[in-house]
Student: 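This is the structure I have questions about; it appears just below.
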2 protein chains.
Amino acid sequence: MSRPPEPILGLPTEPTQARRFGKTRTAQSSAIAEDYAELIADLLASVGEARPTDIARRLGVSHATAIKTVARLKREGLATSRPYRGVFLTEAGEALAARVKARHRLVVDLLRAVGVPAEAAEQDAEGIEHHVSDVTLAAFEAYLQR
Amino acid sequence: MSRPPEPILGLPTEPTQARRFGKTRTAQSSAIAEDYAELIADLLASVGEARPTDIARRLGVSHATAIKTVARLKREGLATSRPYRGVFLTEAGEALAARVKARHRLVVDLLRAVGVPAEAAEQDAEGIEHHVSDVTLAAFEAYLQR
DNA sequence: CCTGAAATGTAGTCGCAGCTACACTTTCTG
DNA sequence: CAGAAAGTGTAGCTGCGACTACATTTCAGG
Ligand SMILES: [Mn+2]
Ligand SMILES: [Mn+2]
Ligand SMILES: [Mn+2]
Ligand SMILES: [Mn+2]
């Protein structure tokens, strides 16, 4: 007979903590897809096309890396592309990009609102955004409208 | 002759954006080490030892994964361990754990302060914490003392 | 309209973080 | 104190995201 999960002083319960870390890992694995979707949408909107080289330069990675990751987006139904013809977003990809872009803005705004300097806010938001849940996002929105 | 880097409407300049994404990638690669250090310190403080199985259960990963990652921490000079004898932190590891723990608390407190519900704050902080720079952290602290 | 530069694609390698399976050691317990 | 249970370690596999090197295709200037 195994002992019942005895809670430890100050620490969350074991399954609770495991679930939290697990969700964080999941969020992390979608982070790159989110950034690609957002960036591709931005490029399509501002310059009319999203070429692998441009994506790569903006992300600071090699073009080979960008191309491989775009292949993953295609596998996941977020993007389309044909050889030598640039990258586009599917409906799902555009929807993701829109959500991600709105969230990005909100996170930056919240950081600015609590006194974080502009460049730090932009920098940190790039990572933070991927870990902000809908509940938290709603709280940010409420806070900003107060 | 290559065209001068013409800025694009609404988008950050190319090198700026690349630098931001790069820093985010770097932060991400230290995230796991940070969580391990914090957790090992917590276990040592609360139950007196940090066994691979406990670490694994708390993180929600297999014990094999925990052991491999601890090996990486040892390589990086953050932890020590001997076969079948549990894991300990080096001075560097303890210093990291202390910083990480303080930052974790501050992030949760900030989220709570702007109206994020308790569980969402705890959950999201687990990922957010790894992307909060010192500048942002200072701003959080100032805000909380307003 | 040719040709060289730029972009694109592909192959192969690496480290990390996950997993399962299995072997071995330590600890607990009847 | 012997055997069972629990913990530990190792091997081998996967996918991802990064890289370099090289081959191929497109495209723009002369
Ligand atoms: Mn981002
Ligand atoms: Mn973003
Ligand atoms: Mn964390
Ligand atoms: Mn933490």
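Just so we're clear, the structure is a prediction, and the values are computed from it rather than from any experiment. Here is the naming used below: chain letters follow the sequence lines, and residue numbers restart at 1 for every chain.
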Student: Among the candidates dT10(D), dC19(C), dC19(D), find the nucleotide nearest to the side-chain atoms of A64(A).
Tutor: dC19(D)
Student: Between dT8(D), dG18(C), dA7(C), which nucleotide gets closest to the side-chain atoms of H63(B)?
Tutor: dT8(D)
Student: Could you state the CD1-C1' distance from I67(B) to dC24(C), rounded to the nearest angstrom?
Tutor: 12 Å
Student: Which one, dA17(C), dA18(D), dT8(C), comes nearest to the side chain of T65(A)?
Tutor: dA18(D)
Student: Are V107(A) and V108(B) connected in a single hydrophobic cluster, I mean Ile/Leu/Val/Met/Phe/Trp/Tyr linked by side-chain heavy atoms less than 4.5 Å apart?
Tutor: no
Student: Between R25(A) and dA17(C), does any side-chain N or O lie under 4.0 Å from OP1 or OP2?
Tutor: no
Student: Run the salt-bridge test on D109(B) and R112(B) with the 4.0 Å N-O cut-off and return the result as yes or no.
Tutor: no
Student: Looking at E122(A) and R105(A), does any basic side-chain N land under 4.0 Å from a carboxylate oxygen?
Tutor: yes
Student: Nearest-Å distance, NZ (K23(A)) to P (dG18(C))?
Tutor: 18 Å
Student: For the rings on H131(A) and H131(B), is their centre-to-centre separation under 6.0 Å?
Tutor: yes
Student: Check side chain to side chain contact (heavy atoms under 4.5 Å, CB included) between S62(B) and all other residues, then give those that pass, not counting sequence neighbours.
Tutor: A64(B), T65(B)
Student: Quickly work out the L59(A) CG to dC19(D) C1' distance and round it to whole Å.
Tutor: 15 Å
Student: On the nucleotide dG18(C), are OP1 or OP2 found under 4.0 Å from the side-chain N or O atoms that S62(B) carries?
Tutor: no
Student: Measure CG/D54(B) against P/dA6(D) and give the value in whole Å, please.
Tutor: 14 Å
Student: Rounded to whole Å, how long is the line connecting atom CD1 of I55(A) with atom P of dG17(D)?
Tutor: 14 Å
Student: Between K68(B) and T69(A), name the one whose nearest nucleotide on DNA chain D is closer to the 5' end.
Tutor: K68(B)
Student: Less than 4.0 angstrom between a side-chain N/O of T53(B) and OP1 or OP2 of dT8(D), yes or no?
Tutor: yes
Student: Which atom pairs, donor and acceptor, lie under 3.5 Å between side-chain atoms of residues 40-49 of chain A and protein residues at least two apart or in another chain?
Tutor:
| unit_1 | atom_1 | unit_2 | atom_2 | d |
| --- | --- | --- | --- | --- |
| D42(A) | OD1 | K101(A) | NZ | 2.7 |
| S46(A) | OG | D42(A) | O | 2.8 |

Student: Has the side chain of K23(B) got a donor or acceptor atom that lies under 3.5 Å from a matching backbone atom of Q123(A)?
Tutor: no
Student: What's the CD-C1' distance between E49(B) and dA6(D), to the nearest Å?
Tutor: 13 Å
Student: May I have the distance from H130(B) (atom NE2) to dA17(C) (atom P), rounded to whole angstrom?
Tutor: 12 Å
Student: For DNA chain D, determine which residues of residues 70-88 of chain A have any heavy atom closer than 4.0 angstrom to one of its atoms, and list them numerically.
Tutor: R72(A), R75(A), Y84(A), R85(A)
